[in-house]
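Just below is one structure, and these are the notes that go with it.
Atom set for the values below is all heavy atoms of this structure, side chains included, hydrogens, waters and symmetry mates excluded. Labels below follow one simple rule: chain letters A, B, ... track the order of the sequence lines, proteins then strands, and each chain is numbered from 1. The structure presented is a predicted model; accordingly, all values stated were derived computationally and were not measured.
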Amino acid sequence: MTTERFDPASADMRWQAAWDAAGAFVADSNSAKPKSFVLEMFPYPSGRIHIGHVRNYTMGDVLARYKRMTGHEVLHPMGWDAFGMPAENAAMEKGVHPGGWTRDNIEAMKKQLKRLGFALDWSRELATCEPEYYGHEQALFLALYEAGLVTRKESEVNWDPVDMTVLANEQVIDGRGWRSGAPVERRKLAQWFLKITDFADELLEGLGTLDTWPDKVRLMQENWIGKSQGLEFSFDLSNGERLPVYTTRPDTIFGASFVAIAPDHPLAQSVAAQNCDAASFIALCKRGGTTTAEMDTAEKLGFDTGIGARHPFTGAHLPVFIANFVLMDYGTGAIMAVPGHDQRDFEFAIKYGLAIPRVVAASAAEADKPFAGEAESGDGVVVNSDFLDGMAVEDAKREVISRLEAEGRGTGKTVWRLRDWGVSRQRYWGTPIPFIHCDGCGMVPVPRDQLPVVLPEDVDFQTPGNPLDRHPTWKHASCPSCGGGAVRETDTLDTFVDSSWYFLRFASQPADRPFDPAEVAKWLPVEQYIGGIEHAILHLLYARFWTRALARIGMIEVKEPFASLFTQGMVTHETYSREDGGRTVYYAPDEISREAERALLTADGGAVEIGRVVKMSKSKKNTVDPDTIVARYGADAVRWFMLSDSPPERDLPWSEAGIEGCWRFVQRLWRLFGQYDAGTTGEDQALTRRRHRTVAAVAQDVEALAFNKAVARIYELTSAVEKAAPGAARSEAIRTLALLVAPMMPHLAEEAWKAMGQEGLVSQAAWPAVDTALLVEDEVTIALQHMGKLRDTITAPKGASKDDLEALALANEKLQRSIAGAQVKKVIVVPDRLVNVVA
RNA sequence: GCGGGUGUGGCGGAAUGGUAGACGCCGGGGACUUAAAAUCCCCUGAUCCUUGAUCGUGUGGGUUCGAGUCCCACCGCCCGCACCA
């Protein structure tokens with residue numbers, strides 16, 4: 001057998017070709033095996049795979065390969081989330097067409113993925129930017145429209161008044177447009193919405209069935225949906241009108257010291273019509289972007305309308321303010337403000353010198369306790385509140401609601417934080433929304449037989465704004481209803497729509513419809529979905545909604561697309577920088593020679609500062625290029641590194657030393673594989689036990705996606721095998737190691753498998769069987785403690801009785817010395833674990 | 001600001017309320033070699049009065065025979081906040 005080094009440069013390509021030739025990873029819909037759909041979030045084709053992708057896809061790949069080895073028919077596909085802004089930016093900056101740029105990127109990235117040896121079914125590849133995909137999306141959109149799940153309404157966008165264009169939140173930097181630098185304004189536009197709010201209850205309920213999703217994701221979605229029970233009631237206003245408000249804290253109604261309305265509330269608008277100060281205040285509120293983070297951190301500002309609101313119980317006169325922190329989208333767009341028990345109201349009251357009454361306290365005795373510089377939103381007992389005094393918060397809520405309901409002045413009401421999903425984008429590179437505006441007939445859907453509405457190729461990116469809107473011919477169409485002249489909708493769909501059903505298209509790709517329901521029924525739900533935590537809310541909620549919407553209109557049966565979810569951490573790297581004239585200049589890892597304590601710039605030999613370990617980004621230059629690394633170490637060492645050390649849900653710090661270590665382990669395993677000898681005999685019971693234990697542990701770890709632990713087990717077995725005497729048990733352990741690492745280091749495993757003279761591809765071999773009888777230990781280590789402190793350890797037969805363990809412990813010399821004549825009060829014995837003497 | 005995470009040796013991390021630091025990296029010492037690379041072996045939390053003991057899991061409290069793990073308060077960092085994907 002060869003003693004040469006494992007050479008990934010030749011082996012990787014050879015085995016990738018062998019898998020292709022065997023069609024090893026093509027999913028067979030007609031298979032009788034149990035199915036397993038393993039999916040990683042598909043990438044945006046930015047041009048290069050980054051190391052975060054490598055980590056994501058390596059995890060999915062290990063699981064997919066493992067599932068295949070354990071007898072599953074695996075669907076493990078790959079596609080491209082190919083619409084989006086970067087393609088338009090490239091078009092503006094480099095004068096290339098978004099389509100050409102995107103397709104080139106896809107080709108380059110596909111090559112990179114192949115180079116890593118992922119067990120993907122490339123026959124099902126899709127790209128969302130092709131009419132073969134987005135045409136079906138248009139059909140689905142129309143189906144939702146027919147079901148009444150699509151609406152149009154006004155909503156605010158970030159408007160750049162200089163470039164005369166809509167900006168994405170990301171394009172608003174410190175309240176200014178990223179190109180023009182002009183202060184951004186909020187502007188209302190008629191837009192398309194999907195009625196996700198119709199599914200709020202269902203989406204919330206459904207979380208309960210997703211018990212293998214991370215709790216944190218379910219909690220985030222629950223809070224995002226934000227179901228709250230509250231009270232809607234109306235204030236009588238001094239101008240004779242009534243103002244409905246919504247509150248989730250009716251128990252604090254006696255603490256209301258003012259009323260606040262959103263700047264775009266109808267009442268605010270009517271005040272502004274007669275008062276130019278009010279109008280200019282509202283205009284001031286329109287400044288800045290649309291994000292809630294921005295709204296929440298902005299200074300609280302208000303305008304006193306001069307109108308008074310009559311408190312429903314006390315009759316007190318409360319001033320009505322227009323306030324920038326009140327949202328028109330939530331509740332009624334008007335609130336009763338209780339500064340003592342809401343932080344936003346508190347800040348506002350301080351600024352405008354309004355009363356801050358206390359109506360909730362820890363106890364009745366603290367009814368007049370002053371506030372410590374902030375609102376108290378916690379639980380307690382109601383005080384200073386007439387008939388509510390002494391009640392618990394929850395009881396007081398019910399009491400206020402029932403009183404106002406009895407008087408016919410208000411109603412208990414459930415309100416959701418979740419808003420309808422605005423899917424309109426005023427951009428070119430997206431799925432055209434299949435509608436036509438006709439002056440006579442209104443908004444008319446494009447007939448199915450005219451789909452897809454294809455994006456025009458001849459577009460101009462030299463002017464800001466939507467190229468579809470100023471295209472000379474594309475938007476002119478005849479009305480499908482009356483045949484008269486009409487214009488196409490020039491908004492395109494949010495790219496989150498594209499990613500809300502791609503997993504259905506992976507199940508089957510008929511040309512004449514979005515998917516084959518029978519194939520969807522066969523493959524869905526996805527057994528394991530893997531992606532970044534940054535998608536915890538939006539993408540995952542939208543995909544859940546879209547799936548449920550299609551189920552409601554009878555197109556599919558499945559309601560939850562992802563049976564199990566895993567959110568992996570980022571890949572990070574330390575940064576290298578120098579201060580240069582007050583500016584920080586960053587250097588890339590390959591410009592640096594790294595020593596134990598310091599880092600030097602290769603170009604001039606001078607020292608650079610080693611900065612914090614942060615997410616890899618172009619701006620900090622702390623990226624590593626997968627191609628370079630794979631070329632140097634081979635795919636397997638890189639894959640192994642991606643799985644080692646860090647728990648997959650946490651960040652993984654990239655390091656040269658780490659990848660070097662993985663490279664050494666690849667070679668170490670290769671040497672060990674070379675020692676396989678099918679002909680030897682001789683037993684080694686301890687090694688055999690260890691082998692079975694490792695197989696069981698690795699299987700358990702891989703199924704739990706605890707790859708770092710699986711890796712540690714493999715290291716342990718490797719060391720044990722190296723130390724073991726030659727014999728049949730050792731050879732069998734070596735053969736087993738090849739199977740254990742096959743999902744992780746498939747090229748090395750194939751090469752070894754062949755060298756050992758085994759049949760077929762290791763990728764298609766069966767996972768080694770475990771003899772559970774060999775998993776049980778007959779001896780265990782018992783910790784001996786005195787007052788919880790370790791004094792000695794002893795070995796005892798597994799399952800020894802409590803009395804036996806206690807006797808063994810009390811006879812132990814070290815423990816006796818520690819107790820040293822003190823009175824033994826109690827002895828705690830945990831069988832197979834420890835004995836703790838309390839003395 | 002709001003919501004959700006996270007914090008353990010020089011580093012990444014392991015540990016059903018029960019022996020803290022498995023496994024890997026770095027570092028130190030040794031073997032092999034003309035030499036280097038590669039490889040192999042040993043050591044490697046801190047402190048001290050070093051056959052042993054004390055301290056030690058972001059900080060401060062608490063519950064428990066026993067806390068990295070449970071509870072309360074705080075601090076740092078990370079993710080999301082609806083037009084980045």
Look at the side chain of [X] and decide which nucleotide, out of [options], has an atom nearest to it.
| X | options | answer |
| --- | --- | --- |
| M220(A) | rA82(B), rG4(B), rC23(B) | rG4(B) |
| I533(A) | rC25(B), rC79(B), rC83(B) | rC79(B) |
| Q785(A) | rG80(B), rG18(B), rC65(B) | rG18(B) |
| K216(A) | rG52(B), rC65(B), rG5(B) | rG5(B) |
| R668(A) | rG12(B), rC40(B), rG1(B) | rC40(B) |
| L538(A) | rA82(B), rA53(B), rG24(B) | rA82(B) |
| R664(A) | rG13(B), rA85(B), rC26(B) | rC26(B) |
| K789(A) | rA14(B), rC55(B), rC81(B) | rC55(B) |
| R427(A) | rG7(B), rC65(B), rC83(B) | rC83(B) |
| M85(A) | rA82(B), rG24(B), rC84(B) | rC84(B) |

In whole angstrom, give the distance that lies between atom [atom1] of [X] and atom [atom2] of [N].
| X | N | atom1 | atom2 | value |
| --- | --- | --- | --- | --- |
| E813(A) | rU51(B) | CD | P | 15 Å |
| I537(A) | rG4(B) | CD1 | C1' | 8 Å |
| E222(A) | rG5(B) | CD | P | 11 Å |
| F641(A) | rG12(B) | CZ | P | 12 Å |
| L301(A) | rG1(B) | CG | C1' | 15 Å |
| W429(A) | rC83(B) | CH2 | P | 21 Å |
| L834(A) | rU16(B) | CG | P | 15 Å |

Is [X] salt-bridged to [Y], going by a charged N under 4.0 Å from an acidic O?
| X | Y | answer |
| --- | --- | --- |
| K188(A) | E156(A) | no |
| E722(A) | R668(A) | yes |
| E716(A) | R693(A) | no |
| D420(A) | K195(A) | no |
| D174(A) | R176(A) | no |

Notebook entry, point to check: Below 4.0 angstrom from OP1 or OP2 of rA82(B), is there any side-chain N or O of T292(A)?
Noted result: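 Looking at the OP1 and OP2 atoms of rA82(B), one of them is under 4.0 Å from a side-chain N or O of T292(A).
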
Suppose we define a pair by two distances each less than 3.5 Å, Watson-Crick or G-U wobble; what does [N] pair with here?
| N | value |
| --- | --- |
| rA85(B) | none |
| rA53(B) | rU47(B) |
| rU63(B) | none |
| rC2(B) | rG80(B) |
| rU33(B) | none |
| rC25(B) | rG10(B) |

Item checked: W670(A)-F665(A) aromatic ring centre distance below 6.0 Å ->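 No.
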
Checklist line | Validation row, ring centre F566(A) to ring centre Y529(A) under 6.0 Å | finding: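 That pair fails the under 6.0 Å test.
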
Work out how far the [atom1] atom of [N] is from that of [M], and round it to whole angstrom.
| N | M | atom1 | result |
| --- | --- | --- | --- |
| rC65(B) | rG10(B) | P | 33 Å |
| rU16(B) | rG5(B) | C1' | 23 Å |
| rG13(B) | rA20(B) | P | 22 Å |
| rC55(B) | rG68(B) | P | 13 Å |
| rA31(B) | rG12(B) | P | 34 Å |
| rC74(B) | rC25(B) | C1' | 34 Å |
| rA22(B) | rC71(B) | P | 28 Å |
| rG27(B) | rA35(B) | C1' | 24 Å |

Donor-acceptor pair present, [X] side chain and [N] base, under 3.5 Å:
| X | N | value |
| --- | --- | --- |
| E534(A) | rC81(B) | no |
| N223(A) | rG3(B) | no |
| Q426(A) | rC83(B) | yes |
| N169(A) | rC83(B) | no |

Margin query: Quick one: does any side-chain atom of R186(A) pair with a main-chain N or O of C285(A) as donor and acceptor, under 3.5 Å?
Written below: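 Yes; judged by distance alone, with no hydrogens or angles, the pair exists.
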
Check: Contact class for S644(A) vs. all strands (heavy atom < 4.0 Å): base, sugar-phosphate, or nothing?
Finding: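 S644(A): no heavy atom of the nucleic acid under 4.0 Å.
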
